[in-house]
Amino acid sequence: MKLKGVVTLRKVILVIHGMRTGQLNETLLRFTHSLFEGTQLDYDIAFLESETRDLNHCIKQSIDQGYRRIQIVPLLLFTASHYFEDIIEMKTEWQSRYPNIHFQLAKPLGTHDKMETWVRAQIENYQAIIDDNTAIVVLAHGNKRFEEPDNALKRISNHLTKLDYACFSAMVYGDLNFKATLPPLARRFQRILVIPYFFYDGFLVNRTKRQIEAMQLSSDIVFTSAINFHPILKDVILARIHELEEASNVSDTTQS
């Protein structure tokens with residue numbers, strides 16, 4: 001129950017995968033800060049992979065600073081191992097240790113409707129080369145143990161197909177592996193437009209491009225850019241935070 005006249009200090013923690021070594025985390029920090037430059041959002045950035053700035057550190061620091069409501073917003077496209085096994089388990093552990101702190105966990109970003117808008121924009125950017133002989137492939141990370149990413153990406157592809165695009169799903173890992181999904185498409189279509197559904201054109205995207213090129217498929221292969229911290233991510237993140245705020249308000253109303 002929220003008492004009248006009492007302001008509950010809220011901290012938003014944006015969780016990025018990151019890397020334990022190298023300069024990638026610094027680059028991701030700059031990208032993320034640029035999204036929220038000029039806003040009044042009270043946030044911190046944590047990495048799943050970091051020697052000094054992991055999620056445990058950021059949660060502990062927020063509690064020590066007096067925050068009593070902590071909203072965890074994963075900068076992940078889909079729910080899979082990092083969401084279920086890392087973030088949820090960590091949130092549950094902290095909630096048990098600090099029952100008076102209100103912890104909230106947002107949904108991943110890739111399933112928000114605005115992200116489909118980004119995919120459509122990528123398609124429109126390549127409209128000049130898209131015809132009946134073009135297959136559009138949305139390529140994402142995937143996971144060998146969780147089916148949620150496959151199902152979420154299929155929903156996006158199926159909806160785009162209903163909008164008169166021949167749109168298909170492929171993953172780097174799991175049942176929709178591109179090495180199995182692309183050859184049949186190459187036999188049906190003269191051109192394949194690959195849209196990397198990744199936050200940035202990093203190591204994995206570039207490696208996958210090389211692997212696809214090495215397959216020497218019969219179709220012409222065209223790659224768009226990845227999301228590369230497009231400004232639409234700011235809108236999606238703020239929308240996920242708004243969802244948490246609405247859930248908190250409903251909870252407060254129920255308890256009062």
Colleague: Taking only residues two or more places apart in sequence or in another chain, which ones pass ring-ring contact (aromatic ring centres under 6.0 Å, His included) with His112?
Modeller: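 ring-ring contact (aromatic ring centres under 6.0 Å, His included) list for His112, sorted by chain: empty.
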
Colleague: Among residues at least two apart in sequence or on other chains, which ones pass salt bridge (charged side-chain N to carboxylate O under 4.0 Å, His left out) with Lys11?
Modeller: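 For Lys11 the salt bridge (charged side-chain N to carboxylate O under 4.0 Å, His left out) partners, ignoring immediate neighbours, are Asp42.
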
Colleague: Tell me every residue that passes side-chain hydrogen bond (donor to acceptor under 3.5 Å, both in side chains) with Glu116, counting only those two or more places apart in sequence or in another chain.
Modeller: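 side-chain hydrogen bond (donor to acceptor under 3.5 Å, both in side chains) list for Glu116, sorted by chain: Arg120, His159.
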
Colleague: Please tabulate, one pair per line, all N/O donor-acceptor pairs under 3.5 Å involving side-chain atoms of residues 177-185, not counting sequence neighbours.
Modeller:
from: Asn177; atom 1: OD1; to: Lys179; atom 2: N; distance (Å): 2.8
from: Asn177; atom 1: ND2; to: Val172; atom 2: O; distance (Å): 2.8
from: Thr181; atom 1: OG1; to: Asn177; atom 2: O; distance (Å): 3.3

Colleague: Mind checking salt bridge (charged side-chain N to carboxylate O under 4.0 Å, His left out) for Glu213 and listing every partner two or more places apart, or none if nothing turns up?
Modeller: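 Listed in chain order: nothing, the list is empty.
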
Colleague: Taking distance alone, no hydrogens or angles, what donor-acceptor pairs closer than 3.5 Å link side-chain atoms of residues 128-146 to residues at least two apart or in another chain?
Modeller:
from: Asp131; atom 1: OD1; to: Asn133; atom 2: N; distance (Å): 2.8
from: Asp131; atom 1: OD1; to: Thr134; atom 2: N; distance (Å): 3.4
from: Asp131; atom 1: OD1; to: Thr134; atom 2: OG1; distance (Å): 3.1
from: Thr134; atom 1: OG1; to: Ile129; atom 2: O; distance (Å): 3.2
from: Thr134; atom 1: OG1; to: Asp131; atom 2: N; distance (Å): 3.2
from: Thr134; atom 1: OG1; to: Arg191; atom 2: NH1; distance (Å): 3.3
from: Asn143; atom 1: OD1; to: Arg145; atom 2: N; distance (Å): 2.8
from: Asn143; atom 1: OD1; to: Phe146; atom 2: N; distance (Å): 3.1
from: Asn143; atom 1: ND2; to: Ser81; atom 2: OG; distance (Å): 3.3
from: Arg145; atom 1: NH1; to: Glu85; atom 2: OE2; distance (Å): 2.9
from: Arg145; atom 1: NH2; to: Glu85; atom 2: OE1; distance (Å): 3.0
from: Arg145; atom 1: NH2; to: Glu85; atom 2: OE2; distance (Å): 3.3

Colleague: May I ask you to decide if the ring planes of Tyr43 and His33 are parallel, tilted or perpendicular, using 30° and 60° as cut-offs?
Modeller: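 Tyr43 vs His33 ring planes: tilted.
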
Colleague: Which residues pass the side-chain hydrogen bond (donor to acceptor under 3.5 Å, both in side chains) test with Ser219, sequence neighbours left out?
Modeller: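 Counting only residues at least two positions away or on another chain, Ser219 forms no side-chain hydrogen bond (donor to acceptor under 3.5 Å, both in side chains).
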
Colleague: Taking ring-ring contact (aromatic ring centres under 6.0 Å, His included) as the definition, give me every residue that meets it alongside Phe189, ordered by chain and number, with sequence neighbours left out.
Modeller: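 Counting only residues at least two positions away or on another chain, Phe189 forms a ring-ring contact (aromatic ring centres under 6.0 Å, His included) with Phe168.
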
Colleague: Please tabulate, for side-chain N and O atoms in residues 25-32, each donor-acceptor pair with protein atoms closer than 3.5 Å (sequence neighbours left out).
Modeller:
from: Asn25; atom 1: OD1; to: Met19; atom 2: N; distance (Å): 2.8
from: Asn25; atom 1: ND2; to: Met19; atom 2: O; distance (Å): 2.9
from: Asn25; atom 1: ND2; to: Glu49; atom 2: O; distance (Å): 3.2
from: Thr27; atom 1: OG1; to: Gln23; atom 2: O; distance (Å): 3.4
from: Thr27; atom 1: OG1; to: Arg30; atom 2: NH2; distance (Å): 3.4
from: Thr32; atom 1: OG1; to: Leu28; atom 2: O; distance (Å): 2.8

Colleague: Taking side-chain hydrogen bond (donor to acceptor under 3.5 Å, both in side chains) as the test, write out the residues that go with Asn100, two or more places apart.
Modeller: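 side-chain hydrogen bond (donor to acceptor under 3.5 Å, both in side chains) list for Asn100, sorted by chain: empty.
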
Colleague: With sequence neighbours left out, write down each residue that passes salt bridge (charged side-chain N to carboxylate O under 4.0 Å, His left out) with Arg188, or none if nothing qualifies.
Modeller: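 Not a single residue meets the salt bridge (charged side-chain N to carboxylate O under 4.0 Å, His left out) criterion with Arg188.
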
Colleague: Test of understanding: with side-chain hydrogen bond (donor to acceptor under 3.5 Å, both in side chains), list the residues that count as partners of Arg97, not counting sequence neighbours.
Modeller: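 In terms of side-chain hydrogen bond (donor to acceptor under 3.5 Å, both in side chains), with neighbours along the sequence ignored, Arg97 is linked to no residue.
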
Colleague: Tell me, yes or no, whether the heavy-atom count around Lys234 atom NZ, taken from other residues, nucleotides or ligands under 6.0 Å, exceeds 12.
Modeller: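 More than 12 within 6.0 Å, yes.
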
